[in-house]
Each structure stands twice: as structure tokens, then as C-alpha cells.
Undergrad: 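I have a structure I would like to understand better, so I am pasting it below and will then ask my questions one at a time.
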Amino acid sequence: MEDIFVSSTNSYNILVGENLLKKTGYFIKQNINNAGFNIVIITDSLVCKIYGGVLKKSLMEFGFSVFMFAVPNKESSKNFSCLLEIYNFLVKCGITKKDIIIALGGGVVCDISGFVACTYLRGIRYINIPTTLLSQVDASIGGKNGVNFGNYKNLIGTIYSPSLIICDIFLLKTLKEKVFLSGFGEVIKYAVTFSKELFNILCEQNKNIYSHLKDIIIRCIKIKKNVIQIDEFEKNIRTKLNFGHTIGHALERYFNNSISHGEAVCVGMCYITEKSVKAGITSLYSFLKLKNLIKKYNLPTALKFNVEDIFKSVLKDKKIFGNVIRICVVKKIGHSVILTMPILKFRKFLNM
Ligand SMILES: NC(=O)c1ccc[n+]([C@@H]2O[C@H](COP(=O)([O-])OP(=O)(O)OC[C@H]3O[C@@H](n4cnc5c(N)ncnc54)[C@H](O)[C@@H]3O)[C@@H](O)[C@H]2O)c1
């Protein structure tokens with residue numbers, strides 16, 4: 001098992017390995033000081049059926065009282081009525097400042113649970129147990145949380161670190177292929193923005209991707225850890241981790257969540273890079289390499305959409321500061337920069 005320490009406002013460890021879920025009770029005793037007796041597991045309806053029992057058993061073995069709340073397993077669960085149900089549940093269970101929330105699920109569960117943990121009683125501790133590739137390499141790390149609002153992605157949220165992350169690679173075995181591959185959207189994002197080495201590893205993979213998965217996941221975690229240790233609250237370099245996301249989030253809204261987050265990010269990365277090639281920022285060679293890698297993981301590189309509709313959604317993006325927008329573009333594979341441009345210039349950029 002690898003133990004990765006993240007130094008941030010609330011520092012925490014990320015445990016990465018196989019078969020860790022059933023040892024969760026032990027890891028909590030080892031890593032969390034002065035934990036209360038109660039634990040609330042927030043999960044989704046599908047993950048609850050597959051893994052809820054194993055987790056509950058492991059916690060009870062260590063003397064915890066366990067309560068479980070499952071949201072429907074879809075993106076639309078990231079909403080206010082779901083939050084209210086969870087707050088009601090916490091009150092009913094008598095959860096206090098000392099108690100702990102565990103998020104057991106993909107990015108949807110991580111995002112809701114982090115927000116609940118940050119706001120309930122002005123903040124209680126929470127542990128992420130990410131169960132999708134996307135949440136293991138990205139959504140569980142760095143404390144960003146939130147819900148969608150008025151159909152705009154993650155409009156309401158905070159940055160509030162977990163107290164521990166348990167990243168059990170075995171859990172990925174039950175993922176549907178499409179959900180598993182969607183996680184490569186974020187993996188490719190890390191590679192193209194920060195690591196030529198990871199990019200080459202991804203290019204070299206043959207059919208047996210599982211044998212290299214742990215190494216790939218650890219590389220991604222370490223990239224994110226290094227970024228958030230420098231810029232936890234996204235004042236500068238953390239913006240790079242949003243490569244492809246400004247367009248990607250708008251696409252998720254445009255297609256009413258019928259495409260996955262990973263798919264949307266891939267189309268977003270390609271769209272922005274196509275424009276940055278036209279603007280003379282990126283070489284055509286790097287763009288073609290990016291597109292080929294995305295195709296290799298059976299993810300989309302383009303979709304038909306109305307650019308003006310996407311631009312209108314972008315106006316609600318968190319990367320807008322007054323009348324300028326901050327976006328990440330890739331100069332060459334493994335090397336990215338942040339551009340700040342007036343929003344009207346960005347509109348032209350999108351229409352190039
Ligand atoms: N906070 C962040 O930093 C951050 C970063 C990236 C993405 N996100 C958010 O993450 C969300 C997407 O996350 P996701 O791709 O994990 O989707 P998800 O959480 O919706 O999970 C996808 C599907 O996989 C199922 N599933 C999860 N784990 C499983 C397992 N082990 N076995 C079988 N089925 C399993 C779920 O029930 C669901 O049906 C988006 O809302 C996105 O905005 C957040």
C-alpha cells in the first residue's frame with residue numbers, strides 16, 4: 001500500500017492499494033484522532049448495493065455505529081433537495097462535531113458529501129472512499145465540492161479538505177466499461193497539462209491496462225497533490241487542472257447530462273486545443289497526439305453543438321472574474337499555461 005501525504009490547510013493522507021475497503025475501520029482508528037462513535041456513510045444507490053455491506057461490517061468491527069444514506073446514482077443528485085434530505089438525516093441520527101462522514105462512491109457522491117461535511121455544524125470531518133477511476137484520480141482529492149444549480153455545473157460549493165482518502169483499486173473491477181473509460185478523460189488531462197512521461201505511458205498501453213493501473217493512478221494523485229500544495233484555493237496554478245472543463249461543463253449542461261463528465265472534458269480539451277492551434281499557441285502535432293490518445297481510450301474528440309449556447313453557459317463559469325476569463329491551454333504535450341483574456345475576446349476565440 002502507498003501512503004501519500006498531502007500538506008494543505010487540513011493535511012491528510014491518501015492510502016492507495018488493493019483490498020483496502022474491508023480495512024476501513026482499522027485505517028480510521030490509525031489516521032483520525034479522537035473520532036466519535038457515529039459514522040454516516042453517504043453513497044449512491046448502486047454502490048450501496050455492491051459495497052455498502054463490506055464497509056459497514058468493517059466499521060462495526062471497530063465499534064462504530066453506522067448510518068447509511070444513498071442518493072440516486074446520477075448526476076442530477078447533485079442538487080439542493082438531495083442536500084436537504086441528507087441534512088435531515090444527519091440531524092435525525094444525532095450526528096455531532098466529533099462524528100465522521102464517509103463518502104463511498106464516484107465524483108457525484110464525493111462532491112455532495114464534501115459540501116455537506118463543510119456546511120453541517122460549520123464543518124465536520126469526512127473521509128473519501130472513491131469508487132470510480134475519475135474520483136480516485138481527481139474528484140476525491142483537493143477538497144473541491146459542490147452541487148449544480150439552475151442546471152449550471154457546480155455553481156454552489158466550497159473547498160474543504162477530507163481527513164483521509166482510501167483509494168482501493170479493487171473497487172474499479174465492478175465498473176461498467178464506459179464509466180471506467182470516462183475516468184481516462186481526467187487521466188489524459190493530467191498527462192497533457194503536466195506530464196509527458198505519463199502521456200507516453202498512456203500511449204504505450206496495450207489491452208492489459210489493469211496491470212499498469214496502480215502506477216497510473218498514483219502518478220495522477222501525485223500531480224494533483226503537488227498542484228494543491230502550491231495553490232489549494234485556485235489562485236493560479238490549480239486553474240491548469242481545469243483544462244477542457246470550461247467547455248466541458250457547458251457541454252454537460254447542453255446535453256442535459258446525457259454525456260459523462262469524462263467525455264465532456266475530452267471534447268472540451270479538443271475544442272480549446274483546436275482553437276489554440278489556430279491562434280498559434282499550440283502545435284498541430286501536439287493537438288493530433290492529444291486527439292489520438294483520447295480516441296485510443298474510446299472517448300469522444302468532438303460533438304456537434306451551438307457555440308453561442310456554449311458561450312452563454314461559460315458566462316456562469318467559475319473561471320470568470322468580472323469581464324475576463326482564465327483558461328488553461330496546452331503549449332506542447334506536458335506543458336500548459338494559463339491565459340487571461342477579456343470575455344469578448346474569448347467569444348471570438350471560440351468562434352475561430
Ligand atoms: N470535486 C472535484 O474535484 C471533481 C473533479 C472531477 C469531477 N468531479 C465531479 O465528479 C462527477 C463525475 O464523477 P464519476 O465519473 O465518478 O461519476 P458518478 O459518481 O456519477 O459514477 C458513475 C456511475 O458509476 C457507478 N459506480 C461508482 N462506483 C462504482 C463501482 N465501483 N462499481 C460499479 N459502479 C460504480 C455509479 O453508481 C454511477 O452510476 C461529476 O459530477 C463531476 O462534476 C468533481
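Only heavy atoms go into these numbers, but all of them, side chains included; no hydrogens, no water, no symmetry mates. Read the numbers this way: they start at 1 and go in the same order the structure lists the ligands and their atoms.
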Undergrad: Would a line drawn from the ring center of Tyr210 to the ring center of Phe180 be shorter than 6.0 Å?
TA: yes
Undergrad: With backbone taken as N, CA, C and O and side chain as the heavy atoms from C-beta onward, which portion of Leu134 lies under 4.0 Å from ligand 1: side chain, backbone, both, or neither?
TA: side chain
Undergrad: Can you tell me if His249 has a non-hydrogen atom under 4.0 Å from ligand 1?
TA: no
Undergrad: Check each heavy atom of His261 against ligand 1 and say whether those closer than 4.0 Å belong to the side chain, the backbone, both or neither.
TA: side chain
Undergrad: Ring centroid separation for Phe305 and Tyr271, is it under 6.0 angstrom?
TA: yes
Undergrad: Parallel under 30°, tilted from 30 to 60°, perpendicular over 60°: which one fits the rings of Phe346 and Phe311?
TA: tilted
Undergrad: Enumerate the atoms of ligand 1 whose separation from the nearest heavy atom of Leu171 is less than 4.0 angstrom.
TA: 30 (C), 31 (N)
Undergrad: Give the atom numbers and elements of ligand 1 that come within less than 4.0 Å of a heavy atom of Glu186.
TA: 6 (C)
Undergrad: Nearest non-hydrogen contact with atom 13 (O) of ligand 1 belongs to which option: Gly107, Pro72, Gly105?
TA: Gly107
Undergrad: Heavy atoms only, cut-off 4.0 Å: how does Asp44 contact ligand 1, side chain, backbone, both, or neither?
TA: side chain
Undergrad: Would you mind running through ligand 1 and noting each atom that sits below 4.0 Å from a heavy atom of Tyr51?
TA: 31 (N)
Undergrad: Heavy-atom contact check, 4.0 Å cutoff: does Lys153 meet ligand 1?
TA: yes
Undergrad: Measure Glu75 to ligand 1 on non-hydrogen atoms and call it side chain, backbone, both or neither using the 4.0 Å cut-off.
TA: side chain
Undergrad: Is it the side chain, the backbone, both or neither of Val179 that has a heavy atom closer than 4.0 Å to ligand 1?
TA: side chain
Undergrad: Among Lys240, Arg326, Lys319, which one satisfies salt bridge (charged side-chain N to carboxylate O under 4.0 Å, His left out) with Glu234?
TA: Lys319
Undergrad: Checking contacts here: is it the side chain or the backbone of Lys173 that comes within 4.0 Å of ligand 1, counting heavy atoms only? Could be both or neither.
TA: neither
Undergrad: Does the residue His245 have a heavy-atom contact with ligand 1, meaning some pair of atoms that are separated by less than 4.0 Å?
TA: no
Undergrad: Suppose I only count heavy atoms of Lys224 and a 4.0 Å limit; which atoms of ligand 1 are within that range?
TA: 3 (O)
Undergrad: When the ring centroid of Phe64 is compared with that of Phe37, is the distance short of 6.0 Å?
TA: no
Undergrad: Which of the numbered atoms in ligand 1 are under 4.0 angstrom from any heavy atom belonging to Thr174?
TA: 30 (C), 31 (N), 32 (N), 33 (C)
Undergrad: Side chain, backbone, both or neither: which part of Asp111 has a heavy atom under 4.0 Å from ligand 1?
TA: side chain
Undergrad: Go through the side-chain N and O atoms of Asp99 and Thr96 and say whether any donor and acceptor fall under 3.5 Å apart.
TA: yes
